[in-house]
Amino acid sequence: MKTGSGRAGQQAARRLRRMHDLLAAAYGPQHWWPAATPLEMILGAYLTQNTAWKAVERSLENLRRAEALTVEGIRALSVDALRVLIQPSGFYQRKAPSIKAFVALLDAEFSGSLEAMAQMPSEALRAKLLALPGVGPETADAILLYALGHAVPMADEYLRRIATRHGLVEGEAKIVRYEHLAALTRAAFAEDSAARRTILYNEFHALTVAVGKAHCGRTARCEGCPLECDLALRS
DNA sequence: CGCCAGGCCGTGT
DNA sequence: ACACGGCATGGC
């Protein structure tokens with residue numbers, strides 16, 4: 001059965017929507033976008049893979065000082081130079097070539113223009129991004145949503161934990177598929193207009209990260225969480 | 001000092 | 001299809 005169809009799915013979707021409302025009330029607008037430039041969002045999406053954002057900021061600062069926070073800037077850097085600049089956020093042997101591969105795709109198929117890339121329909125572009133090295137479902141959707149303004153839902157480790165700990169999905173957190181969570185998020189905002197969904201997906205993911213950092217890491221820190229899950233009581 | 005962080009990929013079953 | 005280890009650094 002597909003997520004969102006069926007009584008249990010609709011119930012979970014409604015509860016997820018309610019979580020968004022609670023988080024929005026508790027934390028307010030997150031301004032993840034358009035605060036940063038599209039390319040900065042893309043670089044952040046790569047650099048933050050299993051990495052604390054604090055470390056990503058150091059790398060972005062290095063890139064800023066090297067005037068490499070633009071497509072031209074990244075293009076002009078050698079892979080080796082890029083590796084050095086992004087060292088603080090780890091996994092640089094993989095991330096540096098991956099970032100260069102993104103720019104290579106941008107140049108080869110979109111004349112180096114992010115605006116041109118953004119014109120491609122979401123589904124086709126998502127497939128292209130997923131074919132790139134170092135781009136999985138979360139990074140692809142982060143690029144689509146935050147850098148290119150497409151109305152695609154996002155999921156991440158925090159949402160996985162939240163959904164699992166609140167009983168919105170079956171099974172242990174680790175075996176809950178990304179696509180399942182994304183579909184659940186789509187269902188949660190299905191009644192909103194297309195234009196509004198981009199904003200809602202954007203804010204919801206940012207809010208998920210905000211509450212996740214504070215209260216829903218690998219080890220639960222439920223104290224004071226606005227979502228008030230009863231994890232402490234259950235375990 | 002040990003655990004954790006806004007994943008992804010190759011390998012083995 | 002799914003589990004599991006490796007990737008690397010810095011913060012707490």
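Every chain is numbered from 1, with letters handed out A, B, ... down the list of sequences.
- As judged by a 4.0 angstrom heavy-atom cut-off over every strand, Ser98(A) is placed among residues making no nucleic acid contact.
- Atoms NE2 (His215(A)) and P (dC4(B)) sit 18 Å apart, rounded to a whole Å.
- The interatomic distance linking Arg221(A) (CZ) with dC12(C) (C1') rounds to 11 Å, in whole Å.
- Counted by atom type alone, Lys100(A) and Ser78(A) present zero donor-acceptor pairs between their side chains at under 3.5 Å.
- Atoms CD (Glu57(A)) and P (dG11(C)) sit 11 Å apart, rounded to a whole Å.
- Distance, Glu40(A) CD to dG6(B) P: 17 Å, rounded to whole Å.
- When rounded to the nearest whole Å, the span between CG of Leu181(A) and P of dG6(B) equals 17 Å.
- Using a 4.0 Å cut-off, some side-chain N or O of Arg161(A) falls inside it from OP1 or OP2 of dA5(B).
- Across all strands shown, Ile86(A) has no heavy atoms under 4.0 Å from either base or sugar-phosphate atoms.
- Going from the P atom of dC1(B) to that of dA8(C) covers 22 Å, rounded to whole Å.
- Aromatic ring orientation, Tyr46(A) versus Phe102(A): perpendicular (interplanar angle above 60°, classes split at 30° and 60°).
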Identify the pairs formed between an N or O of the protein and an N or O of nucleotides 6-9 of chain C at a distance under 3.5 Å, and give each distance.
unit_1, atom_1, unit_2, atom_2, d
dA8(C), OP1, Gln93(A), N, 3.0
dA8(C), O4', Phe91(A), N, 3.1
dA8(C), O3', Tyr92(A), OH, 3.4
dT9(C), OP1, Tyr92(A), OH, 2.7

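- Between the CG atom of Leu47(A) and the C1' atom of dG10(C) there is a distance of 14 Å, rounded to whole Å.
- In this structure, Glu138(A) places its CD atom 13 Å from P of dA5(B), rounding to the nearest Å.
- Side chain to side chain, Thr139(A) and Gln49(A) meet the donor-acceptor criterion of an N or O pair below 3.5 Å.
- Closest to the side chain of Thr139(A), out of dC8(B), dC4(B), dG6(B), is dC8(B).
- Between Arg161(A) and Asp156(A) there is no salt bridge, since none of the side-chain N atoms of the basic residue sits less than 4.0 Å from a carboxylate O of the acidic one.
- Residue whose closest nucleotide on DNA chain B sits further toward the 5' end, between Gly136(A) and Ala52(A): Ala52(A).
- With centroids closer than 5.5 Å and planes inclined by less than 30 degrees as the test, Tyr158(A) and the base of dG6(B) fail to qualify as a stacked pair.
- Ring pair Phe189(A)/Phe204(A) is perpendicular by interplanar angle, where above 60° counts as perpendicular and below 30° as parallel.
- Residue contacts for Val56(A): at a heavy-atom cut-off of 4.0 Å it reaches no nucleic acid atom on any strand shown.
- For Arg218(A), counting side-chain heavy atoms from C-beta on, the closest listed nucleotide (dC4(B), dG6(B), dG11(C)) is dC4(B).
- Distance, Arg177(A) CZ to dA3(C) C1': 11 Å, rounded to whole Å.
- Residue-level contact check: Arg160(A) touches neither bases nor backbone, having no heavy atom under 4.0 Å from any strand.
- Between Glu115(A) and Pro38(A), every side-chain heavy-atom pair lies at or beyond the 4.5 Å cut-off.
- A salt bridge is absent between Arg126(A) and Glu123(A); no separation between the charged side-chain nitrogens and carboxylate oxygens falls under 4.0 Å.
- The P atoms of dG6(C) and dG6(B) are separated by 22 Å, rounded to the nearest whole Å.
- Between Glu157(A) and Arg160(A), at least one side-chain N (NZ, or NE/NH1/NH2) sits under 4.0 Å from a carboxylate O, which counts as a salt bridge.
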